[in-house]
Amino acid sequence: MFLEHVNLVVTDLKKSLSFYQAAFPHWYIRSEGAGDWNGKPRKWIHFGDDYHYIALSDHGEGINRQLSGHQIGLAHFAYVVKNLDALIKRMQLAGFAIDKGSKHPFRKNAYFIDPNGFEIEFVEYLSDLPHERNSD
């Protein structure tokens, strides 16, 4: 079993796509279209590879939940990467700053906030041993 996709409602497809293209330069637009969602027109794209993608739809209104608050909603989602330093460099070159990060003997991570306020964690594991990787 694996997670096939995450579906995010956003306000601007172009800005959102620029963030995810910086994070995942090997991904591509798998499909795209337009339609109506409960009476509101929207455009959408599926951005990913042959096995996983992020669905983005541009019919969002308002602002995302406060990440420092206690509201119900998505806190963050995370991707494992092979080279966190290279990802950080790509993100910064594209204009996206690290929000926070932490150090651990067997993993390192960095959090970024996408243009719609979603928090995404990127983690690089420094051990292949589960009891080391998963220790807190």
Side-chain angles (χ1 to χ4, degrees):
M1 175 174 18
F2 62 92
L3 181 66
E4 181 196 40
H5 73 274
V6 173
N7 188 329
L8 303 177
V9 177
V10 303
T11 57
D12 186 316
L13 282 178
K14 186 175 180 180
K15 286 181 183 177
S16 297
L17 188 57
S18 71
F19 178 89
Y20 293 102
Q21 284 174 321
F24 305 109
H26 61 288
W27 283 11
Y28 57 93
I29 295 176
R30 294 172 25 149
S31 59
E32 60 187 311
D36 183 83
W37 181 261
N38 292 317
K40 185 174 182 183
R42 70 171 176 156
K43 293 183 219 161
W44 59 268
I45 61 171
H46 291 174
F47 181 69
D49 61 20
D50 291 340
Y51 305 100
H52 180 82
Y53 65 95
I54 297 175
L56 300 168
S57 299
D58 73 350
H59 63 289
E61 297 176 358
I63 60 170
N64 211 329
R65 69 181 283 278
Q66 293 294 318
L67 296 174
S68 61
H70 304 282
Q71 301 89 350
I72 292 175
L74 180 68
H76 73 267
F77 54 99
Y79 286 94
V80 175
V81 298
K82 293 181 181 178
N83 185 335
L84 184 64
D85 295 332
L87 178 128
I88 290 170
K89 184 176 181 181
R90 283 194 314 272
M91 298 301 283
Q92 290 174 332
L93 286 171
F96 301 104
I98 295 174
D99 183 57
K100 62 185 173 191
S102 64
K103 295 196 181 211
H104 183 278
F106 303 109
R107 66 180 177 266
K108 55 185 179 176
N109 64 4
Y111 292 80
F112 288 84
I113 309 299
D114 87 352
N116 291 278
F118 291 107
E119 182 178 61
I120 298 87
E121 175 186 8
F122 299 96
V123 60
E124 177 184 348
Y125 288 106
L126 307 173
S127 171
D128 291 330
L129 302 175
H131 73 279
E132 291 179 344
R133 292 165 48 126
N134 301 332
S135 66
D136 287 326

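All residue numbers refer to positions in the sequence shown, counting from 1.
Scanning all heavy atoms of the two residues, the minimum distance from Asp49 to Arg30 falls at O-NH1, 2.7 Å. When every heavy atom of Leu56 is checked against every heavy atom of Val10, the shortest pair comes out as CD2-CG1, 4.0 Å. Gly117 and Ile113 get closest at one heavy-atom pair: CA-CG2, 3.6 Å. Nearest approach of Arg65 to Gly69, heavy atoms of both residues: NH2-O, 3.6 Å. The shortest non-hydrogen separation linking Phe106 to Ser135 is CD1-OG, 4.2 Å.
In this structure Glu4 satisfies the salt bridge (Lys or Arg N to Asp or Glu O under 4.0 Å) test with no other residue, sequence neighbours excluded.
How far CG of Asn7 is from NE2 of His46: 6.5 Å, rounded to the nearest 0.5 Å. The CD atom of Glu32 lies 12.0 Å from the CZ atom of Phe47; values are rounded to the nearest 0.5 Å.
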For a side chain to side chain donor-acceptor pair (under 3.5 Å) check, start with the C-alpha distance between Ser16 and Asn116, then their side-chain angles and the critical distance, and finish with the verdict. CA-CA 7 Å; Ser16 297; Asn116 291 278; 2.7 Å; yes

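Taking the six-membered ring for Trp and the full ring otherwise, the centers of Phe2 and His52 sit at least 6.0 Å from each other.
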Residues 37-45 side chain polar contacts: donor-acceptor under 3.5 Å, at least two apart:
{"from": "Lys40", "atom 1": "NZ", "to": "His59", "atom 2": "O", "distance (Å)": "3.1"}
{"from": "Lys40", "atom 1": "NZ", "to": "Glu61", "atom 2": "OE2", "distance (Å)": "2.9"}
{"from": "Arg42", "atom 1": "NH1", "to": "Ser57", "atom 2": "OG", "distance (Å)": "2.9"}

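The aromatic rings of Tyr20 and Phe77 sit parallel, their planes meeting at an angle under 30°, below the 60° perpendicular limit.
Taking 4.0 Å as the cut-off between side-chain N and carboxylate O, Arg133 and Glu124 do not count as a salt-bridged pair.
Here Val123 is tied into one hydrophobic group with Val80, Tyr125, each link being a pair of ILVMFWY side chains closer than 4.5 Å.
Looking only at distances, no side-chain donor or acceptor of Gln92 sits under 3.5 Å from a matching main-chain atom of Ala97.
Across Tyr111, Phe112, Tyr79, a single residue satisfies side chain to side chain contact (heavy atoms under 4.5 Å, CB included) together with Glu121, and that is Tyr111.
Side-chain atoms of Tyr28 and Asp50 form a donor-acceptor pair, as typed in the model, at a separation below 3.5 Å. When only modelled atom types and interatomic distance are considered, Asp58 and Thr11 share no side-chain donor-acceptor pair under 3.5 Å.
Looking at Arg90 and Pro25, their side chains come closer than 4.5 Å, going by heavy atoms from C-beta outward.
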